[in-house]
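See below for the structure under consideration.
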Number of protein chains: 2
Amino acid sequence: MKEKELRRSLAVLPIGTVMKLTNLTARQIRYYESQDLIKPERSDGNRRLYSLNDIDRLLEIKDYIDDGLNMAGIRKVFTQKQLEQEQFKERLNKSLTDDDVRKILHDELLRQSGFRQVKLLTNSQTPLQKPF
Amino acid sequence: MKEKELRRSLAVLPIGTVMKLTNLTARQIRYYESQDLIKPERSDGNRRLYSLNDIDRLLEIKDYIDDGLNMAGIRKVFTQKQLEQEQFKERLNKSLTDDDVRKILHDELLRQSGFRQVKLLTNSQTPLQKPF
DNA sequence: TCAATGATGTCATAAAACATAACATCATTG
DNA sequence: CAATGATGTTATGTTTTATGACATCATTGA
């Protein structure tokens, strides 16, 4: 999936392509940029370069405008969304490391047990075991 | 899936984007066009416009060149491939219409049976009926 | 070997696309 | 009604692209 993410964030589309893909005018697209709703990269010759993710974002902006939001409102929505996104990733990370710990623990115990059958009530460090 | 096909054949990418996406020079891309290996659309202002399918095709061309084929060879490969594609579709179509016939026949019989067990050899103009 | 061919590079020129900034328009709202 | 927000329009300068001509360099067939 990392491959796909990369493609989607590859900034290669000039503003003309973006216009066709979003049905927005260049004026609108640049204005949204001036309002910090989107931040395209630049080519060597200073041309704006957009990614597929940028396209998605512009379409999202269009939707919000249709819903009656103004630039400030959309900006808020985006920063809020980003916050949630970060929190989600953080939680995901945490749970993953917890899982790692569990896995490590499991392997450790497995090694200690020497692959013998688990006996309950042996002196203290009785290894847990899961049938694979 | 029709949606995706549409997107993939949407010609919106100018040659500069194609260069970045394929690592080919403009000279090469235009040359392959002059050799009938690819046929991009044109904008109102006569700029070449490529689709994602075109990108794929150009990458394919690159591969064939790496394999030692020349333009004529690649052209042959493509026309051959197209032939096979057409035959495949034809066969697919045929099988589909056969399937349609079967389905229609089945519905017909079902209707004639009036949801009773299908009895062969009844003459019966039994009224049609659809559940719900 | 040598000339022909194939693939690509490079250069020149004109046209199209783009960037930026300034001013115009038009609706909404305090 | 004046201020603000969103977008259109116009002007000017830069970058990209199209096309055609000529250059280079490797391969190949006679």
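First the proteins, then the strands, lettered A, B, ... as listed; each starts at 1.
Around atom CZ of B:Arg8, more than 12 heavy atoms belonging to other residues, nucleotides or ligands sit under 6.0 Å away. A 6.0 Å sphere centred on NZ of A:Lys76 holds no more than 12 heavy atoms belonging to other residues, nucleotides or ligands. The environment of CD in B:Glu90 is sparse: at most 12 heavy-atom neighbours from other residues, nucleotides or ligands sit within 6.0 Å.
Each of B:Asn46 and B:Gln35 was matched to the nucleotide of DNA chain C holding its nearest heavy atom; the match closer to the 5' end belongs to B:Gln35. Comparing A:Thr17 and B:Asn70 by the nucleotide of DNA chain C that holds the closest heavy atom to each, the one mapping nearer the 5' end is B:Asn70. The 5' end of DNA chain D is approached more closely, in terms of each residue's nearest nucleotide, by A:Tyr31 than by the other of B:Tyr50 and A:Tyr31.
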A correct dot-bracket answer for DNA chain C, with pairs being Watson-Crick or G-U at under 3.5 Å, [ ] for crossing pairs and | for inter-strand pairs, is ||||||||||||||||||||||||||||||
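Close to C:dA16, at under 4.0 Å from its OP1 or OP2, lies no side-chain N or O of B:Ser43.
With respect to the salt-bridge test (charged N to carboxylate O, under 4.0 angstrom), the residues A:Lys81 and A:Glu60 qualify.
In this structure, CZ of B:Arg47 is placed 7 Å from C1' of C:dA15, rounded to the nearest angstrom. Separating the CZ atom of B:Arg30 from the C1' atom of C:dG9 is a distance of 12 Å, rounded to the nearest angstrom. When the P atom of C:dA17 is taken as reference, atom CG of B:Asp44 falls 7 Å away, rounded to whole Å.
Every side-chain contact (heavy atoms from CB on, under 4.5 Å) that A:Met19 has, sequence neighbours left out, goes to A:Ala26, A:Ile29.
First and last contacting nucleotides of DNA chain D toward chain B (any atom under 4.0 angstrom from a heavy atom, 5' to 3' order): D:dT16 to D:dT19.
A:Thr22 has its side chain out of reach of A:Gln28: every pair of non-hydrogen atoms, C-beta onward, lies at least 4.5 Å apart.
Grouping the Ile, Leu, Val, Met, Phe, Trp and Tyr side chains by contacts below 4.5 angstrom, directly or via other members, places A:Leu49 apart from A:Ile38.
Each of A:Arg27, A:Lys39, A:Arg48 was checked for a salt bridge (charged side-chain N to carboxylate O under 4.0 Å, His left out) with A:Glu33, and the lone residue meeting it is A:Arg48.
With hydrogens and angles disregarded, a donor-acceptor distance shorter than 3.5 Å links the side chain of A:Arg75 to the backbone of A:Gln35.
Among the protein residues, B:Arg48 comes within range of the sugar-phosphate backbone only, with heavy atoms under 4.0 Å from sugar or phosphate atoms but none that close to a base.
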